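Quick notes on the structure that follows.
Note that the coordinates shown come from a computational prediction; the quantities given were computed from them, not determined experimentally. Side chains included, hydrogens not; waters and symmetry mates left out as well; all remaining heavy atoms used.
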Amino acid sequence: METVLLTGAASGIGRATARRLARGGRRCVLVDRNAEALASLADELGATHVLRVADLTDPAQIAALAEGLPPLHALINNAGMTDDSNQPIIGLAPAGWQRLLDLNLHAPGRLPLALRERLVPGARIVNVASGAGLRAIPWRGAYSPSKAGLIAQTRAMAKAFPAWRFTVLCPGFVRTELVAGLIAAGRLDPARAVAKIPLGRLGEPEDIGCALAFLASAESASLTADLLAVDGGSSVFGGSQAYAPSPHAPMACDTPLALRVRGPWDGPRQDAAEGYPALLDTRVLASPPGRRLEAIVQAARQAAPDGPGSLTLLLPRDQDETWEGAGERAAARMLIATLACEWGPKAARINAVEVPAGTDPATCLPLLRFVAGAQAQYLTGQTLGSP
């Protein structure tokens, strides 16, 4: 049985992730500073799991976590906090600034080092950053800087510690207790937030929990990208036209995948006949340089979604990329992002997975099933494998 250490486990995204991991048969080491909420979660999940009450702003408490733990196959650094002072950065109290940095930025770096004797070779380390780390959000104090720092720190640690596999996940607006508090305090207008989200809804904790459980699994091994934005498309949207709330309720994450395949493919051609409708199109793989954008448009035109579902494209990634190829590849990524923004109001998603030249696409099948399916209903406009 694989064991995953999960911080910030007692509420919000952490609680949803713990439930997902437990349903998947994994043992959890659940870490949180809220002992009462942690005990309640443990009662729900059962006696298999290990509890650790700790304040991760304290390096000494981080160092003590390793004692008595079983070997760890994954570490999910989910614990974090926001700044609720609604003040400019120069008005922040030094103690509050430091505490936020200690939890959001320093703890995810300290934890792998404290647990290095417990982490198995090839352990997956997943850090939860935020869309706020991809763009500045004023009046949130040090939050955006701390999450931008975490993204860069994760990438640097991946190079410094190649024995472990690092990924950083950037959620968008998620309907957690923290976001509910911002809404109640008048610091977040949900209508204005939704207006910037192509899929027309705030994310649910289960959306992010499903993604974290996947990234912390061996099935994510073919994911070469080091950042995954699960945000309903908000990070790729740059238009001025506001989105209306979606009329489509999300399906259950465990909805079977009804996957169809178009294009040259030696793998399965059809999954379940009913379930979450998904199309995998492989025609771009067979398209020569200079014709790949046309092939993407053809695939999108043929898919022509009019309701919830997904189109996932396989794209080639040339080892010796020319300057013409670099331009076409960047245009392809932006084309997929643009289609995602246009399709969002239908709850239709489009993503792509790049396959290096000479790679058997079948090796990507677990990743493709995740991206195409109901577990990734808040993932759209992404080209995985891009630098």
Count I, L, V, M, F, W, Y as connected when their side-chain heavy atoms are under 4.5 Å apart, and connections chain through other members. Are [X] and [Y] then in the same cluster?
X	Y	result
Val168	Phe214	no
Met157	Val128	no
Ile350	Tyr276	no
Leu103	Leu113	yes
Leu115	Val50	yes

*Applying salt bridge (Lys or Arg N to Asp or Glu O under 4.0 Å), run through Arg292 and Asp318 and close with a yes or a no.*
CA-CA 12 Å; Arg292 292 169 181 170; Asp318 301 320; 3.0 Å; yes
If we ignore hydrogens and angles and just use 3.5 Å, is the side chain of [X] paired with the main-chain N or O of [Y] as donor and acceptor?
X	Y	answer
Thr359	Pro361	no
Asp207	Gln377	no
His49	Val29	no
Asn78	Gly8	yes
Ser144	Ile137	yes
Tyr378	Arg201	yes
Thr338	Met334	yes
Ser220	Leu215	yes
Ser40	Ala37	no
Arg349	Ala372	yes

Is the closest basic N to carboxylate O distance between [X] and [Y] below 4.0 Å?
X	Y	result
Glu177	Arg15	yes
Lys196	Asp231	no
Glu2	Arg124	yes
Asp226	Arg155	yes

Can you see which heavy atom on [X] is nearest to which on [Y], and at what distance?
X	Y	value
Val236	Gly381	CG1-O, 3.6 Å
Leu199	Ala348	CD2-O, 4.2 Å
Cys28	Ala22	SG-N, 4.5 Å
Val355	Cys364	CG2-SG, 4.4 Å
Ala195	Phe237	O-CE2, 4.2 Å
Ala362	Pro366	O-CD, 4.5 Å

*Check the pair Asn104, Leu150 against side-chain contact (heavy atoms from CB on, under 4.5 Å), reporting the backbone distance first and the verdict last.*
CA-CA 7 Å; Asn104 289 6; Leu150 180 57; over 6 Å; no
Value rounded to 0.5 Å, distance of [atom1] in [X] from [atom2] in [Y]:
X	Y	atom1	atom2	result
Ser146	Gln153	OG	CD	10.5 Å
Ile151	Leu105	CD1	CG	11.0 Å
Trp343	Ile336	CH2	CD1	10.0 Å
Arg19	Cys253	CZ	SG	12.5 Å
His106	Ile62	NE2	CD1	10.5 Å
Thr167	Leu228	OG1	CG	8.0 Å

Flag if over 12 foreign heavy atoms under 6.0 Å of [atom1], [X]:
X	atom1	value
Phe173	CZ	no
Met251	CE	yes
Asp360	CG	yes
Arg192	CZ	no
Arg23	CZ	yes

Measuring only between side-chain heavy atoms, which start at C-beta, is [X] closer than 4.5 Å to [Y]?
X	Y	result
Val126	Asn77	no
Leu259	Leu279	no
Leu212	Val230	no
Val297	Leu335	yes
Leu6	Val31	no
Leu379	Val371	yes
Arg20	Gln375	yes
Thr176	Ile208	no

Just checking, any donor-acceptor pair under 3.5 angstrom between side chains of [X] and [Y]?
X	Y	result
Asp102	Thr57	no
Gln302	Arg283	yes
Thr322	Glu324	yes
Arg27	Thr3	yes
Arg329	Thr383	no

*Where does the angle between the aromatic ring planes of Phe161 and Phe166 fall among parallel (under 30°), tilted (30 to 60°) and perpendicular (over 60°)?*
tilted
*Do Leu311 and Asn351 pass the side-chain contact (heavy atoms from CB on, under 4.5 Å) test, and can you show the C-alpha distance, the side-chain angles, and the key distance before you say yes or no?*
CA-CA 7 Å; Leu311 170 63; Asn351 296 285; over 6 Å; no
*Of the options Leu384, Leu134, Thr154, which is the one that meets Leu227 in a side-chain contact (heavy atoms from CB on, under 4.5 Å)?*
Leu134
_Does Val353 form a side-chain contact (heavy atoms from CB on, under 4.5 Å) with Leu315? I'd like the steps, not just the answer._
CA-CA 6 Å; Val353 174; Leu315 306 184; over 6 Å; no
